[in-house]
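Down below is the structure, laid out as structure tokens.
These numbers come from a predicted model, not from an experiment.
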Amino acid sequence: QVQLVESGGGLVQAGGSLRLSCAASGRTFNGYRIGWFRRPPGKEREFVAAIIWSGNSIYYADSVKGRFTISRDDAKNTVYLSMNSLKPEDTAVYYCAASSPELVDANINEYDYWGQGTQVTVSS
């Protein structure tokens, strides 16, 4: 079993940047897909981005393409979400999630392990 801890959220002005981190403990991410999801205020949780740990498959939601980048650090067993050109509509609680197999997937139901979430607030 893997435990996930997100960090890096905060308050930023529109147009600014933040980098979220998702650190794993209990086991390595090897063999897993890792996804970032978010829950905007009053809305359902939605897919943001996903990455395959041992390969180069990456997938983004259309709403964040060109602004967000998902990446990983093997040595730190950590996945990052770099967010640029932030907009007020990016305001949400951001969660990382993981599961096997190593196939990118935007379906929230395909992820077994979840972090506690980190708040991102973008002011206009």
#### Entry: For the student: nearest non-hydrogen atoms of Asp74 and Trp53, plus distance
CA-CZ2, 3.6 Å
#### Entry: Donor-acceptor contact below 3.5 Å, side chain Tyr60 vs main chain Ile70
yes
### Query
If you group Ile, Leu, Val, Met, Phe, Trp and Tyr by side-chain heavy-atom gaps below 4.5 Å, do Ile34 and Trp114 land in one group?
no
### Query
Taking all atoms of both residues into account, what is the closest heavy-atom pair of Val122 and Thr91, and its distance?
N-OG1, 2.9 Å
### Query
What distance separates Ser25 OG from Gln1 CD, expressed to the nearest 0.5 Å?
10.0 Å
### Message
Could you measure the distance from the CG atom of Asn77 to the OH atom of Tyr32? Nearest 0.5 Å is fine.
### Response
11.0 Å
### Query
OH of Tyr94 to CG of Leu81: how many Å apart, nearest 0.5 Å?
7.5 Å
#### Entry: Inter-residue atom distance Glu6.CD - Tyr95.OH, 0.5 Å rounding
8.5 Å
### Task
Check Tyr111 against Ala98 and note the closest heavy-atom contact, atom names and distance.
CD2-N, 3.7 Å
### Task
Using side chain to side chain contact (heavy atoms under 4.5 Å, CB included) as the criterion, point out the one residue from Ile108, Asn107, Asn109 that pairs with Asp105.
Asn107
### Query
When clusters are formed by joining ILVMFWY residues with side-chain heavy atoms under 4.5 Å apart, either directly or through shared neighbours, do Ile51 and Phe37 land in the same one?
no
### Query
Between OG1 of Thr69 and OH of Tyr80, what distance do you get to the nearest 0.5 Å?
14.0 Å
### Message
If hydrophobic clusters are built by linking Ile, Leu, Val, Met, Phe, Trp and Tyr wherever their side-chain heavy atoms come under 4.5 Å apart, do Val120 and Phe68 end up in the same one?
### Response
yes
### Message
Rounded to the nearest 0.5 Å, what separates atom CZ in Arg67 from atom CG in Leu86?
### Response
6.5 Å
### Message
Tell me the closest heavy-atom pair linking Arg38 and Ser63, and the distance in Å.
### Response
NH2-OG, 3.6 Å
### Task
Give a yes or no on whether the backbone of Glu110 and the side-chain of Ser99 come within a donor-acceptor separation of less than 3.5 Å.
yes
### Message
Set out, in order, the CA-CA distance, both residues' side-chain angles and the distance that settles side-chain contact (heavy atoms from CB on, under 4.5 Å) for Ser17 and Val12, then state yes or no.
### Response
CA-CA 7 Å; Ser17 300; Val12 64; over 6 Å; no
### Message
If you compare all heavy atoms of Val104 against all heavy atoms of Ala50, which two are closest, and at what distance to 0.1 Å?
### Response
CG1-O, 4.2 Å
### Message
Applying a strict under-4.5 Å side-chain criterion to I, L, V, M, F, W and Y, I'd like to know whether Leu20 and Val64 cluster together.
### Response
yes
### Query
For Phe29 and Ala24, which heavy atoms make the closest approach, and how far apart are they?
CZ-CB, 3.4 Å
### Query
Any Lys/Arg nitrogen of Asp90 or Lys87 sitting under 4.0 Å from an Asp/Glu carboxylate oxygen of the other?
no
### Message
Can a donor-acceptor pair be found, under 3.5 Å and without considering hydrogens, that links the side chain of Arg27 to the backbone of Val2?
### Response
no
### Task
Find out whether Thr118 and Ser7 are in side-chain contact, i.e. whether some heavy atom of one side chain is under 4.5 Å from a heavy atom of the other.
no
### Message
According to a hydrophobic-cluster definition based on side-chain heavy atoms being under 4.5 Å apart (Ile, Leu, Val, Met, Phe, Trp, Tyr only), do Tyr113 and Trp36 belong together?
### Response
yes
